[in-house]
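Contents: one structure, followed by commentary.
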Amino acid sequence: MPSNVGGCGKDPMPELPEVETTRRLLDPLVVARTVTGVEVPGRRVLRRHERPTDLPDRLEGRRIERTDRVGKFLLMGLEGDLTWVIHLGMSGRLTVVAHDAPETPHTTLEAAFEDGSALRFVDPRTFGWSAVWTPQEVAASPLARLGPDALEAPPDVEGFARRLEGRRAPIKSLLLDQTVIAGLGNIYADEALHRARISPRRPAGRISRRRLGLLLAAIEDVLDAALAAGGTSLDDMAYLLPDGRAGDYMTELRVYGRGGEPCLGCHQTLRSATIGGRTATWCPRCQR
DNA sequence: AACGATCCCTGTTGGC
DNA sequence: TGCCAACAGGGATCGT
């Protein structure tokens with residue numbers, strides 16, 4: 001300790017691979033630990049609770065039995081049938097530190113364990129949040145409305161086609177819609193579309209089965225490769241995993257952040273535009 | 001219902 | 001060089 005389990009460097013942009021990397025590193029450090037105290041320096045982190053006191057009240061004295069992940073949601077199963085949910089938002093990082101470690105700026109939540117360690121949630125842009133929910137609250141939450149997990153339960157071509165049938169929104173927007181498929185964010189959506197040679201603007205319901213098959217395969221490839229690399233670190237400084245590896249999928253990005261640069265396949269200039277309120281980058285020649 | 005637009009928030013970046 | 005507006009992101013919410 002301290003050991004960084006954020007999995008995502010200075011600019012994490014946590015999508016499914018980064019959250020899963022975080023979960024795997026966190027698991028051995030928190031399972032079987034009992035929470036002895038909770039500090040909440042940033043009230044906003046509790047905004048998903050009607051009563052902000054619910055989280056500390058429910059966490060304190062409770063033992064963590066397992067970790068899990070659905071889409072971009074990190075879950076910790078607690079004794080007493082409660083679920084501790086953490087969403088990293090766009091800048092959230094989790095670290096296990098000694099309880100007396102120096103304070104970290106932008107810490108929004110910290111849970112101390114009985115063994116002297118503590119789980120620290122650091123989130124400068126405060127899009128992240130955390131909650132401890134009963135089964136009923138989970139059932140009424142966004143968790144219950146998530147589409148199939150892009151890594152653990154990817155849809156088959158027929159299932160995917162059914163979900164997209166009749167939809168006129170651009171495929172890029174629907175890849176970001178967590179109720180359609182859970183786990184993709186802007187980086188991996190752009191990367192998967194490029195590999196599948198599909199324009200991000202194409203109306204989702206007008207994509208052939210064959211291309212949807214290619215898209216699902218591309219999603220699997222991109223997520224597997226990112227996971228194997230330990231996620232994407234957009235800052236090449238610092239952040240090493242405990243075993244010394246960096247999250248280095250960034251070096252394999254083919255379109256994300258490369259607008260105006262040449263396509264690695266055909267050398268056409270990559271185009272950037274806003275689609276569904278998000279920046280999309282794609283190759284106008286390879287992707288139609 | 002589906003879909004686009006707007007807002008939340010702050011560190012970083014790019015233009016002047 | 002320094003300042004500041006624009007930008008980035010996931011998701012909730014609102015209007016059409």
Side-chain angles (χ1 to χ4, degrees), chain A residues 6-20 22 41-50 69-74 85-94 104-109 121-131 133 137 140-147 149-150 162-192 200-206 226 231-239 247 249-250 253 255-261 272-281:
Chain A
C8 334
K10 197 173 174 187
D11 275 282
M13 311 288 183
E15 302 184 25
L16 189 155
E18 290 72 30
V19 178
E20 178 62 16
T22 296
R43 308 303 300 178
R44 186 173 138 83
V45 72
L46 300 182
R47 66 189 179 282
R48 306 286 312 199
H49 271 292
E50 274 181 46
R69 178 198 57 76
V70 186
K72 304 176 197 175
F73 295 79
L74 180 63
V85 185
I86 297 179
H87 196 292
L88 298 175
M90 70 173 290
S91 64
R93 276 171 291 157
L94 290 169
T104 308
H106 307 300
T107 297
T108 58
L109 178 71
F121 187 23
V122 178
D123 184 19
R125 297 184 195 179
T126 71
F127 278 30
W129 53 267
S130 185
W133 281 334
E137 288 168 336
S141 79
L143 280 175
R145 293 184 285 275
L146 289 177
D149 186 82
R162 237 176 288 122
R163 275 178 189 275
L164 301 180
E165 192 175 10
R167 303 294 297 266
R168 284 167 298 179
I171 182 64
K172 170 65 186 288
S173 298
L174 293 191
L175 288 181
L176 295 178
D177 182 341
Q178 303 298 300
T179 69
V180 171
I181 184 168
L184 297 179
N186 212 22
I187 297 176
Y188 298 114
D190 274 3
E191 294 298 316
R201 286 183 156 150
R202 165 140 296 199
R206 291 197 217 133
T232 298
S233 294
L234 292 182
D235 188 303
D236 59 355
M237 297 290 294
Y239 173 62
Y249 188 72
M250 187 192 180
L253 298 179
V255 286
Y256 183 83
R258 295 192 64 245
E261 296 178 33
S272 282
T274 298
I275 298 176
R278 289 284 172 280
T279 299
T281 304

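Order of the sequence lines fixes the chain letters, A, B, ..., with proteins taken first and strands second; residue numbering starts at 1 for each chain. Computed from a predicted model, the values in this text were never measured in an experiment.
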Please report the distance, rounded to the nearest Å, between [atom1] in [X] and [atom2] in [N].
| X | N | atom1 | atom2 | answer |
| --- | --- | --- | --- | --- |
| Arg125(A) | dC9(B) | CZ | C1' | 8 Å |
| Phe127(A) | dT13(C) | CZ | P | 14 Å |
| Phe73(A) | dG11(C) | CZ | C1' | 8 Å |
| Lys72(A) | dG11(C) | NZ | C1' | 9 Å |
| Arg48(A) | dC8(B) | CZ | P | 17 Å |
| Arg43(A) | dC8(B) | CZ | C1' | 19 Å |
| Ile187(A) | dA8(C) | CD1 | P | 13 Å |
| Glu15(A) | dA8(C) | CD | P | 15 Å |

Rounded at 0.5 Å granularity, tell me how far [atom1] in [X] sits from [atom2] in [Y].
| X | Y | atom1 | atom2 | result |
| --- | --- | --- | --- | --- |
| Thr108(A) | Phe121(A) | OG1 | CZ | 5.0 Å |
| Phe73(A) | Ile86(A) | CZ | CD1 | 12.5 Å |
| Asp123(A) | Leu94(A) | CG | CG | 9.5 Å |
| Leu88(A) | Phe127(A) | CG | CZ | 14.0 Å |

With distance as the sole test, does Lys172(A) use its side chain to make a donor-acceptor pair with the main-chain N or O of Thr279(A) at under 3.5 Å?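 Present.
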
Less than 4.0 angstrom between a side-chain N/O of [X] and OP1 or OP2 of [N], yes or no?
| X | N | result |
| --- | --- | --- |
| His106(A) | dC9(B) | no |
| His87(A) | dG11(C) | yes |
| Arg47(A) | dC8(B) | no |

How are the rings of His87(A) and Trp129(A) set to each other: parallel, tilted or perpendicular (split at 30° and 60°)?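 Because their plane-to-plane angle is under 30°, the rings of His87(A) and Trp129(A) count as parallel.
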
Looking only at side-chain atoms of Arg44(A), point me to the closest of dG11(C), dC8(B), dA8(C).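 From the listed options, dC8(B) comes nearest.
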
Greater than 12 external heavy atoms within 6.0 Å of Arg206(A)'s CZ: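 No, not enclosed.
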
Answer with base, sugar-phosphate or nothing: what part of the nucleic acid does Arg145(A) contact at a heavy-atom distance below 4.0 Å?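 No contact.
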
Heavy-atom closest contact (Asp177(A) atom, Arg167(A) atom, distance):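 Distance-wise, the nearest heavy atoms are OD2-NH2, 4.4 Å.
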
Might you point out which heavy atoms bring Gly259(A) and Ser272(A) nearest each other, and give the distance in Å?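 Answer, listing the atom of Gly259(A) first, then Ser272(A): CA-OG, 3.5 Å.
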
Please encode protein proximity along nucleotides 1-7 of chain B as a string of B, S and -, counting only heavy-atom distances under 4.0 Å. -SSS---

Let me test you: for the helix from dA2(B)-dT16(C) to dC16(B)-dG2(C), what is the angle between the axes at its two ends (five pairs each), rounded to 10 degrees?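 Result, rounded to 10 degrees: 50°.
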
